[in-house]
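For the numbers below, each heavy atom of this structure counts, side chains included, while hydrogens, waters and symmetry mates do not. Everything numeric here is computed off the predicted structure, so don't read it as measured data.
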Amino acid sequence: MGLFRKTPEEKAAIAELRAADAALHANQRKEEKAGIRHETPEYQRLNAAANEAAAKVSRWHGGTKRGR
């Protein structure tokens with residue numbers, strides 16, 4: 001594999017991260033529109049899922065994983 005090529009597992013992890021972030025941000029827009037200004041259980045669940053997904057993706061691709 002080359003330096004910048006992603007494995008199928010890395011591609012799947014990146015897709016999972018993007019989906020989790022999209023769900024989190026969609027919920028944020030919905031709650032802001034409803035005037036909710038505190039952390040709801042739904043926000044906490046989505047945020048935890050996004051953090052778990054980010055831990056599987058390298059920092060180079062927007063996650064928080066360090067090294068391989």
Side-chain angles (χ1 to χ4, degrees):
M1 289 256 148
L3 179 61
F4 296 107
R5 294 186 188 202
K6 295 181 274 307
T7 65
E9 293 82 18
E10 289 172 323
K11 289 179 183 180
I14 292 168
E16 181 183 341
L17 172 61
R18 289 183 180 162
D21 281 343
L24 179 62
H25 292 290
N27 182 65
Q28 177 186 2
R29 287 189 298 274
K30 182 185 86 173
E31 288 182 354
E32 283 179 349
K33 197 173 202 179
I36 299 171
R37 298 181 52 96
H38 60 279
E39 292 184 3
T40 63
E42 179 67 8
Y43 165 82
Q44 292 173 346
R45 183 186 69 77
L46 291 171
N47 191 48
N51 288 338
E52 289 174 14
K56 299 175 188 174
V57 177
S58 72
R59 297 182 71 164
W60 185 263
H61 297 292
T64 59
K65 182 178 177 182
R66 295 178 187 238
R68 286 202 174 243

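At a threshold of 4.5 Å between non-hydrogen side-chain atoms, the residues Val57 and Glu10 do not count as touching. Looking only at side-chain heavy atoms (C-beta outward), Ile36 and Tyr43 stay at 4.5 Å or farther from each other. In this structure the side chain of Leu24 never reaches within 4.5 angstrom of the side chain of Gln28, judged on heavy atoms. Within the 4.5 Å cutoff, the side chain of Lys65 has no heavy atoms near those of the Lys56 side chain. Counting heavy atoms from C-beta outward, His61 and Ile14 have side chains that approach closer than 4.5 Å.
Of the inter-residue distances, the one linking Glu42 atom CD with Asn47 atom CG reads 11.5 Å to the nearest 0.5 angstrom.
Classification of Arg29 and Glu32 as a salt-bridged pair fails, no side-chain N sitting under 4.0 Å from a carboxylate O.
Remark: side-chain polar atoms of Glu52 are not paired, donor with acceptor, to backbone N or O of Ala49 under 3.5 angstrom. Formation of a donor-acceptor pair under 3.5 Å by the Thr64 side chain with backbone atoms of Ala54 is found in this model.
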> Please walk me through it: do Thr40 and Glu31 pass side chain to side chain contact (heavy atoms under 4.5 Å, CB included)?
Replying inline: CA-CA 9 Å; Thr40 63; Glu31 288 182 354; 2.6 Å; yes
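Shown here for Gly62 and Leu17, the closest heavy-atom pair between the two residues is O-CD2, 3.8 Å.
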